[in-house]
Amino acid sequence: MIYVENKDLVIPGQILADEEYYSGRGTFKENGKICSSLMGLVSLRNKKLRVIPLKSKYVPKKGDVVIGKINDVRFSMWDVDINSPYSGILPAFEVFGREKKELNKVYDVGDVLFLRVVDVDEIKKAKLGLKGRGMGKFKGGIIVDIAPTKVPRLIGKKGSMINMIKDKTKCKIVVGQNGLVWVRGDEDMEQLTKNIIHLIEAEAHTSGLTNKIKNKLYLAIDGELPPEEVEETEEEFVLEKPKLQNFKEELEQEEKEAEEKKEKEDKPNIAEVIEELKRKNMKKDNTLSYGDNSNNSFILNNK
C-alpha cells in the first residue's frame with residue numbers, strides 16, 4: 001500500500017509506502033515501511049519511490065559537466081569554484097599536457113569555464129578537465145544559479161524546455177549539472193531568460209509548466225499569447241547529464257565572421273574600383289575628343 005502521491009511534499013521520517021514498493025534515493029526502510037529521509041517531493045515510477053530534495057548542494061561525480069569560476073592561480077593548477085561545498089582543481093597538464101606556460105596568461109581569476117569532472121577523490125575534491133565537446137572559457141554573458149536538482153526540469157524532456165527558451169529569446173544557453181547556467185544574448189533577452197529560469201526553478205514541481213513558460217515568453221516578446229499550446233507530459237525529476245552544446249565553436253565562428261566582415265569593409269571593392277577607373281577614362285576620352293573636334297573646327301574656319 002502507498003500513502004502518498006507522485007510530487008507530494010513530504011518531511012523526514014514520513015511513511016511513504018509498505019515494503020511491496022522499492023526504496024530509492026532519499027528514502028529508507030524501517031519495520032517493513034518505506035520512509036522519507038529528507039524534505040522534498042515524491043517521485044514514483046514503476047513501484048520505485050524516491051524523494052527529491054527541495055534544496056541541495058552539488059556533489060561532484062566523475063563524468064559530470066559543470067560551470068566553474070577560477071578562484072586562484074597556483075604554480076601548477078587553478079582552483080575552481082564549482083558551486084559546491086567541495087573544491088575543484090584544474091591541473092595545468094589537463095590544459096597544456098607537458099608544455100610549460102604561465103597559467104594566468106591562459107585562465108585568470110574570475111574567468112568562467114565549461115569543464116568536465118575527470119575524477120573525484122575520497123574527500124570529494126573534484127579534478128577537472130577540458131577534454132570534450134565545447135569545453136573552454138566563456139566570453140561575455142551572465143551566470144544564473146539554480147538548485148542542481150532542478151536542472152532536469154530546466155532542460156525538459158529531450159531538451160524541450162531549454163530549446164524553447166533558446167529559440168524564442170535567441171540566447172545561447174549552456175547548463176551545468178552543478179546548477180550554474182550561462183546565458184548570452186541581447187541584454188533584455190538575458191534578463192528575461194534569467195527570470196524564466198528562476199520561475200522554472202520555483203515551480204518545477206507544478207504541472208502544466210511548459211505551457212506556462214511558453215505563454216510568458218510569447219507575452220514578453222510578442223505581446224500576445226502563442227497560437228497553440230504544447231501538450232506537456234509528466235517528467236521525473238532526475239539529475240541527468242545535460243546535452244552538451246558546442247558553444248565554443250559557435251563563438252569562434254562568430255568571431256571569425258566578425259573579422260571577415262571588418263576586413264571586407266576595410267578592403268576596397270574591386271568591382272567599384274574598376275567601374276570608377278572606367279568612368280575616369282571615359283571622361284578623359286570624351287575631353288580629348290572634344291578638344292580635337294574644336295581644333296579641327298578652328299582650322300577649317302580659318303582656311
Side-chain angles (χ1 to χ4, degrees), residues 1-66 82-86 117 120 124 144-165 175-181 195-216 229-243:
M1 184 175 178
I2 188 164
Y3 305 104
V4 292
E5 293 184 2
N6 197 39
K7 296 187 182 178
D8 274 359
L9 179 65
V10 294
I11 60 174
Q14 183 174 338
I15 297 173
L16 308 178
D18 294 328
E19 58 184 359
E20 61 191 80
Y21 285 82
Y22 301 101
S23 177
R25 211 164 119 196
T27 69
F28 65 92
K29 273 191 174 182
E30 188 174 87
N31 300 325
K33 304 283 186 184
I34 297 174
C35 305
S36 174
S37 60
L38 45 82
M39 178 180 282
L41 299 172
V42 172
S43 172
L44 174 62
R45 177 173 283 189
N46 299 328
K47 287 206 164 187
K48 185 173 183 178
L49 272 166
R50 294 192 298 176
V51 177
I52 310 301
L54 292 177
K55 292 274 184 181
S56 67
K57 291 291 183 182
Y58 170 68
V59 179
K61 296 191 296 296
K62 184 178 179 179
D64 283 356
V65 289
V66 298
I82 55 171
N83 194 37
S84 170
Y86 307 102
V117 178
V120 181
K124 298 293 182 184
V144 184
D145 185 354
I146 65 170
T149 51
K150 306 299 173 67
V151 165
R153 196 67 185 94
L154 171 60
I155 294 168
K157 197 170 185 178
K158 296 182 180 178
S160 57
M161 183 75 86
I162 201 73
N163 287 331
M164 179 177 69
I165 298 168
V175 184
Q177 286 174 266
N178 58 334
L180 295 182
V181 185
N195 295 338
I196 290 291
I197 290 171
H198 282 315
L199 179 61
I200 293 168
E201 178 188 25
E203 301 191 19
H205 60 287
T206 62
S207 59
L209 186 58
T210 302
N211 285 333
K212 184 173 183 178
I213 295 302
K214 183 177 183 182
N215 289 344
K216 281 195 171 291
E229 292 190 345
V230 183
E231 287 187 11
E232 183 177 10
T233 56
E234 294 295 319
E235 296 178 30
E236 185 181 12
F237 304 128
V238 184
L239 188 58
E240 299 170 346
K241 283 189 182 180
K243 186 179 178 182

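All residue numbers refer to positions in the sequence shown, counting from 1.
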Should Pro148 and Asn178 count as side-chain neighbours, where that means a heavy-atom distance under 4.5 Å? no
Got Leu38 and Val10 here, is their nearest side-chain heavy-atom distance under 4.5 Å? no
Leu209 CG to Thr206 OG1 distance, which is reported to the nearest 0.5 Å: 4.5 Å
Report yes or no: does Ser37 contribute a side-chain atom to a donor-acceptor pair with the main-chain N or O of Gly26 at less than 3.5 Å? yes
Which heavy atom of Thr149 sits nearest a heavy atom of Pro152, and at what distance? O-CD, 3.4 Å
Considering only heavy atoms from C-beta outward, does the side chain of Met164 approach that of Met161 to under 4.5 Å? yes
Side-chain heavy-atom pair Pro12, Met39 within 4.5 angstrom cut-off: yes
With distance as the sole criterion, is a donor-acceptor pair present between the side chains of Tyr86 and Lys57 under 3.5 Å? no
CD of Glu30 to CD1 of Ile15, rounded to nearest 0.5 Å, is 8.5 Å
In Å and rounded to the nearest 0.5 Å, what is the CG to CD1 distance from Leu41 to Ile52? 8.0 Å
If I take atom OG from residue Ser207 and atom NZ from residue Lys7, how far apart are they, to the nearest 0.5 angstrom? 6.0 Å
Leu49 versus Ile2: any side-chain heavy-atom pair under 4.5 Å? yes
How long is the gap from NZ on Lys216 to CD1 on Ile196, to the nearest 0.5 Å? 7.0 Å
Do Val175 and Leu154 have side chains that approach each other closer than 4.5 Å (heavy atoms only, starting at C-beta)? yes
Would you call Glu203 and Lys212 a salt bridge, using N to O less than 4.0 angstrom? yes
Would you say the side-chain atoms of Ser84 pair up with the backbone N or O of Tyr58, donor to acceptor, closer than 3.5 Å? yes
Check whether any side-chain heavy atom of Thr210 lies under 4.5 Å from a side-chain heavy atom of Arg153, and answer yes or no. yes
Starting at CD1 of Ile165, measure out to CD1 of Ile213 and round the result to the nearest 0.5 Å. 6.5 Å
Give the minimum heavy-atom separation between Lys29 and Glu19, together with the two atoms involved. NZ-O, 4.1 Å
Tell me, with the steps shown, if Val51 and Leu16 meet side-chain contact (heavy atoms from CB on, under 4.5 Å). CA-CA 10 Å; Val51 177; Leu16 308 178; 3.9 Å; yes
Give a yes-or-no answer on whether the side chains of Asn46 and Tyr22 include a donor-acceptor pair shorter than 3.5 Å. no
Quick check: does any side chain N or O of Asp64 sit under 3.5 Å from a backbone N or O of Val117, one acting as donor and the other as acceptor? no
Hey, is NZ on Lys158 packed in by over 12 heavy atoms from elsewhere, all under 6.0 Å? no
With distance as the sole test, does Asp8 use its side chain to make a donor-acceptor pair with the main-chain N or O of Glu5 at under 3.5 Å? yes
So, Asn6 side chain and Leu44 main chain: donor-acceptor pair closer than 3.5 Å or not? yes
Please tell me if the side chains of Val66 and Leu180 come closer than 4.5 Å, counting only heavy atoms from C-beta onward. no
Donor-acceptor contact below 3.5 Å, side chain Asp18 vs main chain Met1: yes
Does NZ belonging to Lys33 count more than 12 external heavy atoms closer than 6.0 Å? yes
Quick check: does any side chain N or O of Glu201 sit under 3.5 Å from a backbone N or O of Lys150, one acting as donor and the other as acceptor? no
